[in-house]
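Have a look at the structure below, then the notes.
Everything numeric in this text was worked out from a predicted model, so none of it was measured. For reference, positions follow the sequence shown, starting with 1. The analysis underlying the following values was restricted to heavy atoms, covering all of them including side chains, and did not include hydrogens, waters or symmetry mates.
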Amino acid sequence: IADTHMNETNRDGIAHGSSTEKRPAEARRIQANSGSQLRKPLCSLLPASMPSPSLRLAVVGAGAAGLAAARELRREGHAPVVFERAAAVGGTWLYASPAPAAAADPLGAAATHSSLYASLRTNLPREVMGFLDFPFTAARGSVVDARRFPGHQEVLRYLEDFTQRFDLYGLVRFQTEVVGVRREAGGRWAVTSRKLGEKGEQDEELYDAVVVCNGHYSEPRVASIPGADAWPGKQMHSHNYRVPEPFLDQVVIVIGASASAVDISRDIASVAKEVHIADRSAPTSTCEQQPEYDNMWLHSMIDHAQGDGTVVFQDGSSIKADVIMHCTGYLYDFPFLGDDSTITVDDNCVDPLYKHVFPIEVAPDLSFIGVPWKVIPFPLFELQSKWVAGILSGRIKLPSKDEMMEDVKAIYSRLETRGWPKRYTHNFSGGYQFEYDDWLAEQCGHPPIEEWRKLMYAANAKNKAARPERYRDEWDDDGLVALANEDFKKYF
């Protein structure tokens with residue numbers, strides 16, 4: 001794969017003698033205790049002769065989104081600095097045991113970013129998952145897990161390979177947490193960070209723009225259960241689940257019906273006495289034993305919990321349970337941003353974001369990569385990053401604030417028409433994600449998402465519905481796999 005940024009790099013990974021060379025540091029040491037529907041393109045590509053200034057940019061997070069952003073920003077000629085509080089790249093794909101605080105607050109984030117459980121395998125085939133120009137194939141030299149739906153360790157190895165291949169490690173400041181982002185009077189952004197393990201001191205530096213890539217799988221969203229405060233059992237969120245052994249011979253209720261709920265309920269059923277899945281989308285009368293399991297049942301949502309340990313479902317049936325596991329998703333959380341970011345998070349909707357990326361009032365100097373969900377994440381991160389990079393250089397032009405706001409209003413109108421709650425604003429289920437991806441690609445002068453990738457995504461969804469227990473190991477789309485592998489040859 002061709003890449004033009006393989007020169008010797010300085011501490012922040014900026015190539016010496018290139019157009020991306022870092023500006024003189026503007027840092028000072030301070031004390032910690034001091035003071036719509038996708039329409040015809042609204043953006044346009046500017047003539048190639050337009051100037052492309054090199055900007056010094058802060059990227060928050062070195063997961064897949066932050067790595068994609070760093071690469072695309074540097075490719076565009078900018079000078080990104082990536083802040084990562086962990087000691088390695090990977091973000092949510094960096095497996096970690098729950099912090100000790102999880103024992104005291106099993107429903108909270110407990111200072112652990114990753115939500116991975118030990119048995120997790122991807123729920124998308126590797127051909128679909130990878131970045132557009134860096135295939136996630138089993139032919140890479142570092143492959144250990146060659147399965148088509150590999151375990152989480154293989155995804156991390158892929159991200160490490162991506163980081164190494166595109167020389168991104170030098171851009172990342174590891175074990176460095178962003179604690180504040182403030183807009184200065186001149187329009188630049190003051191980013192305050194601290195080196196983990198160093199007490200009492202923080203760094204503040206000025207950047208031309210900030211790209212937020214901190215993910216949205218670390219701040220648990222918890223179901224509201226009447227009577228739960230008096231219920232004597234243990235409640236925990238899937239964020240803090242890792243292995244099934246602690247649930248040996250217990251009765252466990254799993255709330256949720258998405259990927260983590262499906263995986264974790266099966267994982268726990270291997271050791272638990274009983275597993276009961278509470279699904280709010282199931283009809284009220286639901287109480288069904290699950291195929292291929294003699295100890296797992298599907299119910300409607302929990303109605304209430306009682307002080308004697310009983311949990312009552314909406315159909316009136318009840319059980320005495322030891323554990324309630326909340327597989328209920330996550331909240332968007334940007335604790336380092338202040339009011340000058342001009343966004344709010346209400347009912348898990350980040351508002352207002354033009355095309356789910358730019359806060360309208362401060363665009364393009366603040367942007368978010370990876371907000372949408374129910375997507376193929378890595379290609380979306382890549383295309384969003386290309387778009388942001390081109391806009392920051394002036395090569396791509398944003399529409400007016402009024403036009404951007406009209407686009408946001410159109411999204412809300414569509415939600416209202418469908419009867420969807422506001423928290424579904426960034427839900428890209430159905431075919432919408434490809435319409436969005438192809439729109440981004442058009443803005444950037446990039447080819448649309450490959451047809452085989454779209455067809456493979458649909459085939460996987462169909463196979464998952466038909467073979468919920470075996471879709472990761474049995475499939476019927478070998479023809480699409482062959483097309484993908486043929487397409488990948490141009491990158492090797």
Side-chain angles (χ1 to χ4, degrees), residues 36-37 60-61 63-65 91-92 105-110 112-115 181 211-225 228 235-241 254-262 264 278-281 301-302 324-339 341-362 366-377 380-381 384 405 407-430 432-433 436:
S36 81
Q37 293 178 347
V60 184
T92 196
D105 184 20
L107 288 173
T112 300
H113 181 76
S114 178
S115 300
V181 173
V211 184
V212 178
C213 308
N214 68 326
H216 49 86
Y217 295 106
S218 59
E219 186 63 31
R221 182 187 182 100
V222 177
S224 177
I225 303 172
Q235 294 190 70
M236 65 181 293
H237 193 275
S238 59
H239 177 71
N240 293 312
Y241 174 81
V254 175
I255 302 177
S258 293
S260 63
V262 172
I264 292 172
D279 180 359
R280 67 181 178 188
S281 64
M301 186 52 185
I302 296 171
I324 296 177
M325 175 78 68
H326 294 251
C327 299
T328 44
Y330 295 86
L331 300 170
Y332 295 102
D333 187 39
F334 312 105
F336 46 84
L337 294 179
D339 292 341
S341 69
T342 73
I343 57 107
T344 60
V345 180
D346 178 36
D347 193 23
N348 224 28
C349 165
V350 187
D351 177 56
L353 287 185
Y354 175 61
K355 301 300 187 190
H356 309 272
V357 172
F358 288 110
I360 293 169
E361 287 300 318
V362 293
L366 180 65
S367 58
F368 295 79
I369 303 297
V371 169
W373 49 286
K374 293 283 187 180
V375 298
I376 308 173
L380 180 137
F381 298 163
Q384 285 184 326
M405 184 56 74
D407 192 82
V408 170
K409 290 178 179 177
I411 292 175
Y412 297 154
S413 177
R414 187 172 72 238
L415 285 174
E416 187 175 351
T417 299
R418 294 180 177 179
W420 287 7
K422 194 173 183 180
R423 66 178 179 271
Y424 277 43
T425 297
H426 309 297
N427 179 351
F428 278 23
S429 58
Y432 180 70
Q433 70 163 314
Y436 176 83

Tell me the closest heavy-atom pair linking Q433 and I376, and the distance in Å. OE1-N, 2.9 Å
Applying ring-ring contact (aromatic ring centres under 6.0 Å, His included), can you list everything that pairs with H326, at least two apart in sequence or on another chain? none
Are the side chains of L415 and T425 in touch, meaning some heavy atoms are under 4.5 Å apart? yes
Look at the side chain of Q384 and the backbone N and O of V357, then say whether any donor-acceptor pair between them is shorter than 3.5 Å. no
Return the set of residues passing side chain to side chain donor-acceptor pair (under 3.5 Å) with D346 (not counting sequence neighbours), or none when no residue passes. K422
Side-chain donor/acceptor of H426 to backbone N/O of V350, under 3.5 Å: yes
Sequence neighbours left out, what passes ring-ring contact (aromatic ring centres under 6.0 Å, His included) with F368? Give chain and number order. F334
Pairing residues for F358 by the ring-ring contact (aromatic ring centres under 6.0 Å, His included) criterion, not counting sequence neighbours: W387
If you compare all heavy atoms of L331 against all heavy atoms of P220, which two are closest, and at what distance to 0.1 Å? CD1-O, 3.7 Å
Taking all non-hydrogen atoms of both residues into account, name the closest pair between L380 and V375 and its distance. CD1-CG1, 4.1 Å
To the nearest 0.5 Å, what is the distance between CG (D339) and OG1 (T344)? 10.0 Å
Give a yes or no answer on whether the side chain of H237 reaches the backbone of G329 with a donor-acceptor pair at less than 3.5 Å. yes
Check ring-ring contact (aromatic ring centres under 6.0 Å, His included) between H216 and all other residues, then give those that pass, not counting sequence neighbours. Y332
Treating S413 as the side-chain partner and K409 as the backbone partner, does any N or O pair qualify as donor plus acceptor under 3.5 Å? no
About how many Å separate OG of S429 and CH2 of W420, when rounded to the nearest 0.5 Å? 4.0 Å
For V362, side chain to side chain contact (heavy atoms under 4.5 Å, CB included) partners two or more places apart: R183, W189, T342, P359, L366
Check K374 against N427 and note the closest heavy-atom contact, atom names and distance. CG-OD1, 3.3 Å
Partners meeting side chain to side chain donor-acceptor pair (under 3.5 Å) with S281 (sequence neighbours left out): D279
List in chain and number order the residues that pass side chain to side chain donor-acceptor pair (under 3.5 Å) with D351, two or more places apart in sequence or in another chain; answer none if no residue qualifies. Y412
Look up atom CZ in F336 and atom OG in S341, then write down how far apart they are to the nearest 0.5 Å. 9.5 Å
Residue set satisfying side chain to side chain donor-acceptor pair (under 3.5 Å) with S115, at least two apart, ordered chain then number -> H239, Y330
Under a 3.5 Å distance rule, please check whether N214 uses its side chain to pair with a backbone N or O of D333 as donor and acceptor. yes
Run the salt bridge (charged side-chain N to carboxylate O under 4.0 Å, His left out) test against E361 and tell me which residues pass, sequence neighbours left out. K401
To the nearest 0.5 Å, what is the distance between CD (Q235) and CD1 (I255)? 7.0 Å
Could you pull out the closest heavy-atom pair between L107 and N240, with the gap in Å? N-ND2, 4.4 Å
Holding to side chain to side chain contact (heavy atoms under 4.5 Å, CB included), I want the full list of residues that pass it with R280, two or more places apart in sequence or in another chain. M301, R423, Y424
Given side chains that start at C-beta, do those of P352 and M405 come closer than 4.5 Å, heavy atoms only? yes
